[in-house]
Amino acid sequence: MNKETEHAGLLKEIESCTACGLCQGRTNAVPGEGNLNARLMIIGEGPGANEDAEGRPFVGRAGKLLEQMLDSIDLTREQVYIANIVKCRPPQNRAPKEEESEMCLPFLLRQIELVNPDVILLMGATALNNYIDKKLKITKTRGQWLTRDGRPVMATFHPAALLRDPNKNPAAFKDMLAVDRKLKGK
Ligand code: URA
Ligand code: SF4
């Protein structure tokens, strides 16, 4: 099966998934989108109100900032693949619960396998804790190269965290430069 067909099937499965309680509050599932041959995959937390309304990831204010972060290393959102830990919006934008993330993670793992990116960038603590290790702190771990399944992974601050505290901006943009160097093999 080619990538497009496999991806379309995955989207269908996600859109009809009722494996966890988050399905009850969704207007639209937000499976993820982007270049199926992307060298960089972005992983966020989960849909907010705008994303739930549109069925697309990172389309609100945090999404604009994510686009600026990508632009700082000359990437567009069309060139990367963007996904989230959970595909349905948690009520009041709370962080996903452990059982919700666990039920949803197999979809993300299939997306990663399909796209097979060279580098993964985790946006914020939820992505870090669910993809790498529950015990890691984003403030301590951001900017360091981690590994999962033989692939380089970096965590940085979530753009929503940057909007709340712009003092975190320099660190996040520095992390983008490290991602750029890794993509360029430097
Ligand atoms: N925040 C996220 O973590 N993901 C989105 O898709 C939008 C905002
Ligand atoms: Fe299914 Fe994930 Fe939505 Fe839960 S959040 S219902 S596991 S798609």
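The first residue of the sequence shown is numbered 1, and numbering continues consecutively from there. Because the structure is predicted, anything quoted here is derived from the model rather than measured. Counting starts at 1 for both ligands and their atoms, following the listed order.
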Task: Carboxylate-amine/guanidinium proximity below 4.0 Å for R56 and E33 - done: yes
- [ ] Determine, for E15 against R26, whether the closest basic-nitrogen to carboxylate-oxygen distance falls under 4.0 angstrom.
- [x] no
Open item on the list: Geometry only, no angles: is P47 polar-contacting ligand 1 at N/O separations under 3.5 Å?
Closed with: no
Task: ligand 2 atoms in contact with C104 (distance to a heavy atom under 4.0 Å) - done: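 Listed by number with element, the hits are 2 (Fe), 5 (S), 7 (S), 8 (S).
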Open item on the list: Using a 4.0 Å cut-off to any heavy atom of K87, which atoms of ligand 2 qualify?
Closed with: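 Within the 4.0 Å cut-off of K87, ligand 2 contributes 5 (S), 8 (S).
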Considering only protein heavy atoms, which is closest to [atom], and at what distance to one decimal place?
{"atom": "atom 4 (Fe) of ligand 2", "result": "C20 SG, 2.4 Å"}
{"atom": "atom 2 (C) of ligand 1", "result": "G46 O, 3.2 Å"}
{"atom": "atom 4 (N) of ligand 1", "result": "N84 OD1, 2.8 Å"}
{"atom": "atom 3 (Fe) of ligand 2", "result": "C88 SG, 2.3 Å"}

Open item on the list: For S72 versus M176, what's the shortest heavy-atom pair and its separation?
Closed with: OG-CB, 3.9 Å
Task: Nearest atoms (heavy-atom pairs only) where M154 meets G143 - done: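 Distance-wise, the nearest heavy atoms are CE-O, 3.4 Å.
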Task: N, O or S from C17 under 2.8 Å to atom 1 (Fe) of ligand 2 - done: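 Short answer: yes, at least one N, O or S atom is under the cut-off.
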Task: Proximal ligand 1 atoms for P57, defined as those under 4.0 Å from one of its heavy atoms - done: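 The list of qualifying atoms is 6 (O).
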- [ ] Check each atom of ligand 1 against the heavy atoms of G44 and keep those under 4.0 Å away; list them by number with element.
- [x] 3 (O)
Open item on the list: So T156 and K174, do their side chains get closer than 4.5 Å, heavy atoms only?
Closed with: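 No, their side chains stay 4.5 Å or more apart.
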- [ ] Could you tell me whether the side chain of I85 reaches within less than 4.5 Å of the side chain of E45, counting heavy atoms only?
- [x]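 Side-chain contact under 4.5 Å: no.
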- [ ] Of the side chain and backbone of H158, name the one, both, or neither that has a heavy atom under 4.0 Å from an atom of ligand 1.
- [x] side chain
Open item on the list: Is the contact between E45 and ligand 1 made by the side chain, the backbone, both, or neither, using heavy atoms and a 4.0 Å cut-off?
Closed with: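 It is both backbone and side chain that touch ligand 1.
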Task: Distance-only donor-acceptor check, side chains R61 and N50, under 3.5 Å - done: no
Open item on the list: Could you check whether any side-chain N or O of N28 sits under 3.5 Å from a backbone N or O of D52, counting only pairs where one atom can act as donor and the other as acceptor?
Closed with: yes
Task: Side-chain donor or acceptor of D118 paired with backbone N/O of R39 under 3.5 Å - done: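 Not at all, since once roles are kept as given, no pair shorter than 3.5 Å links the two residues.
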TODO: Pick, from C23, S101, G46, the option with the minimum heavy-atom distance to atom 6 (S) of ligand 2.
DONE: C23
